[in-house]
Amino acid sequence: MKWISRMGGGVVVLIGMLVLLGWLADWEVCKRVLPGLVAMNPTTAACFIMAGMSLWLLGDGVTESKTGTGYQLARACATLIALAGLVKLIGYLMGMDVPLDRFLFPGKLMDSSGELVRMAPNSALNFLLIGLALSFLDVPTHKGRYPAQFLGLAVGALSLLALTGYIFGVTVFYRFASLKPMSLNGAFGFFVLALGVLGARPGRGVTRVFFSRTTGGTMIRRLLPTAMLVPLVLGLVWRAGERAGYFGAGFGLPLTVVSSIAVFVVVLYFNANWLDLADGERRRAEAALRKSVEQVQTLYNQAPCGYHSLDADGGVLAMNDTELAWLGHTREEMVGRKRITDFLTPDSRERFQTVFPQLKQTGEIKGVEFEFMRRDGSVMPVLLNATAVTDPASGAFSTRASVFDISARKRAEEERNRFFTLSLDLFCIAGFDGYFKTLNQSWEKVLGYKREELLATPYLEFIHPDDRPATSSEAEKNSQGRNAISFANRYRCKDGSYRWLLWNATPVVELGLIYAVARDITEQKRVEDSVRKLNEDLRQRTTELETLNKELEAFSYSVSHDLRAPVRHISGFVDLLGKQDLGADPKTHRYLKFIAESSRQMGELVDDLLSFSRMARSEMSLDRVPLTKLVADVREDLAGTCANRSMTWRVGELPEVKGDAAMLRLVFANLLANAIKYTGKQPHAEIEVGYAPAADEVVVFVRDNGVGFDMKYVDKLFGVFQRLHRNDEFEGTGIGLANVRRIVHRHGGRTWAEGAIGRGATFYFSLPRNADSVPATNNALNL
Amino acid sequence: MIQIKRILLVEDSEKDIELTLAALDEHKLANEVDVVHDGAEALDFLFRRGEFADRPKGLPMVVLLDLKMPKVDGLEVLRQVKQDPELKRIPVVMMTSSREEQDLVRSYALGANAYVVKPVDFQQFVDSIKQIGFFWAIINEPPPGCAGKRPPGAGNP
């Protein structure tokens, strides 16, 4: 609104200049505006120019500093005008002719009507008032009022009166007591000056409302021109109408009144309507604002993170519900009463003392970790970001901090670290630069170095020179983003020994890091090596044994084979000799009989030995063998030996097994023949064949009620040529059960027996249920 | 002209020869036996060469061939006999102390007509030989060109 004063100042200066120009060039229109009206005195014009300048200068923002030369100049001009007005006014009051207004153009001041053009008394008063107003424009009373404005209002009223007088031709309004009248341009100039004084300081005093952005301001700005112009215009119309004789006296006033009422009603209606709308809008805007404020407030309070604001001493200015809940306090207990340090652990408090000055200095801190001490005594780790602000108006310092609960993260970290520390394996994070970044304690335990030593040296230097190229190429692989799985190398220990480490590693290329786990497999390696060596030894010894065994087999075969011929010859020639005439000596015949018997027995032994040896060497042909049928066949074969015997057979259902049919047949042949043989002296023989299925094998047994045996000798039963009975009790060579054992062993089974003297015997053999476990080429290891 | 005997016994052991002859005698076949003492002799005999170049023509009805012999063994003799278009028709009975499966298999593979393990027991041995002689030299109808079937004892002096 300052433009009013600036422009007003300019207009007034222009008016004064024009008047002076008129006096100079005798341009009447410049001096008096309309012919017949009074002209403006040139001194008055000069006063206007000074007043205009003063207003223009005071309207400038710069002069508000109240110290600049412009301001001083403006006040000087104002004082001069006031003095001029005062002097002239006193002159009028005292009836003296003060020649102040005759300095300029003294020769031209005589008017055509013969009167001198002087400064009017009301002009002098106005100059006094306006000069004072401009001088004391920024001087308030002790009550905070500005008298300059009232002075301005007075000038405005006087000038308006003069202008009205000119408009309605009421001379007394601008010419007091037939003294000199105020000129029209002078009246206009004072009016502009009054407006300028009022507009120069728009924000204060009586003019405040006029320039306010409030509804009241708008109202006055809208209605004031109407209130001023409508009566004026209607008055003019009335006057013009009267003069033209459209209506007689007494009719114009009511018409004017009615017109005024009508115009004001319309103007007021529209203004009220507008006000109503504006008010509604404002209420809606207020409601919306309130709602949005509430929303922001809710957001603030219920955010998943904490918010607080501190003053320069760390006192709590504000805190949201979330953080209050964390700390376990109400807002009333907190705000304005507590400092944030009241809720920090001693460590955190120390950190706060270093961080808070930083915040004040830089205006921002980020990612600082603190530990809150809650009301219940528990500790809560948090992460804090904060900014600091200083209010430009009040200079008050405050912080705004957002606080994040990181207890879950901390807990996870702690858990991870616990495993990290606890692990027997070696955990590490290594950089692509070839250095360890993080190591767990196992490193110290396994290698014996301090962690610092390990971190300070490129890891390649700890690796056995022979393993370095391979390790480098694994690391290269890692740096390309590939994992290393089950890679092994040797690390040098502090004591100079080497440990084997087995590695799994995975890289994070963006970070340039390798995450790796290693296991000390030195002991495992050593055990493996020794097992391998043992295995090799075993294999070698097995080979030796096999060779030896084969030699033995070959030896026993050839021995028995070569024995056969001489035995046969003895047998044959003894027999032939027996057919010769040998006389009647019974001894000769008995001896021959013994020789024959012995040779026959030897022959049997040799044959058995051969068959036993063959049993070890012959190939096995595996097949499904139904044992029930096999037993039936064997019984049929043995039927001859059972003739004239009182016998009961109990043969249960037997399973089908996988094996060599001929060999298994021999097993049953031997066992059943034994049973028949050793029950020979029982009045009634009972022989039972059955089986018991077990988890992974089939156990077959042959039980008899024969002579039995002493369990003391049970381990001799299955030996080659081992006999528990004399030959004259029960005939036999002692090869049968040895063959049974050898065959069962070749099938991957076991043999054993139970018995007691005179109470029968039970012979068991097992066969594996799983056919695959039958060793296909098992040979003579089971002698 | 002296006629060829019905049985050719190839055996290196004198004792076995005597026992075999004793056994065959039980069937009165002892005189129907030509005896050679090793494989080489046997081949000479069969191919009528060497000291046997002048032997009477004709072939035995059966050859009792011992497996283990010095110089040329029984299997070699068998091989050569069975390769000869003429001789291969003669039945060959392998006589051996061995129950070795390989010997058995190889013998049959070479074309042996029978395989007999000499029993240790003399009586059994006698029985075996008797049966062999009886079957091959008496019951069996020989291929043409062999010594010819005669009633037992017919050739006895």
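Convention: sequence-line order gives letters A, B, ...; per-chain numbering from 1. The basis for the numbers below is simple: all heavy atoms, side chains too, and nothing from hydrogens, waters or symmetry mates.
You'll find the side chain of B:Lys5 stays beyond 4.5 Å of the side chain of B:Val33, heavy atoms only.
Of residues 79-88 of chain B, no residue lies under 4.5 Å from chain A by any heavy-atom pair.
By the 6.0 Å and 45° rule, A:Arg742 stacks over the aromatic ring of A:Phe612. A cation-pi contact links A:Arg568 to B:Phe125, judged by a cut-off of 6.0 Å to the six-membered ring centre and 45° from its axis.
Of all non-hydrogen atoms in A:Leu638 and A:Thr641, the two that sit nearest each other are O-OG1, 2.6 Å.
B:Lys68 touches chain A through its side chain: at least one heavy atom from C-beta onward sits under 4.5 Å away, while N, CA, C and O do not. B:Glu18 touches chain A through its side chain: at least one heavy atom from C-beta onward sits under 4.5 Å away, while N, CA, C and O do not.
Residues A:Asp660 and A:His747 bring no donor and acceptor atom of their side chains to less than 3.5 Å of each other.
Paired with B:Val93 under the rule side-chain contact (heavy atoms from CB on, under 4.5 Å), one option of B:Tyr115, B:Trp136, B:Phe135 passes, and it is B:Trp136.
When atom types are taken as modelled, the side chain of B:Asn113 and the backbone of B:Val92 share a donor-acceptor pair closer than 3.5 angstrom.
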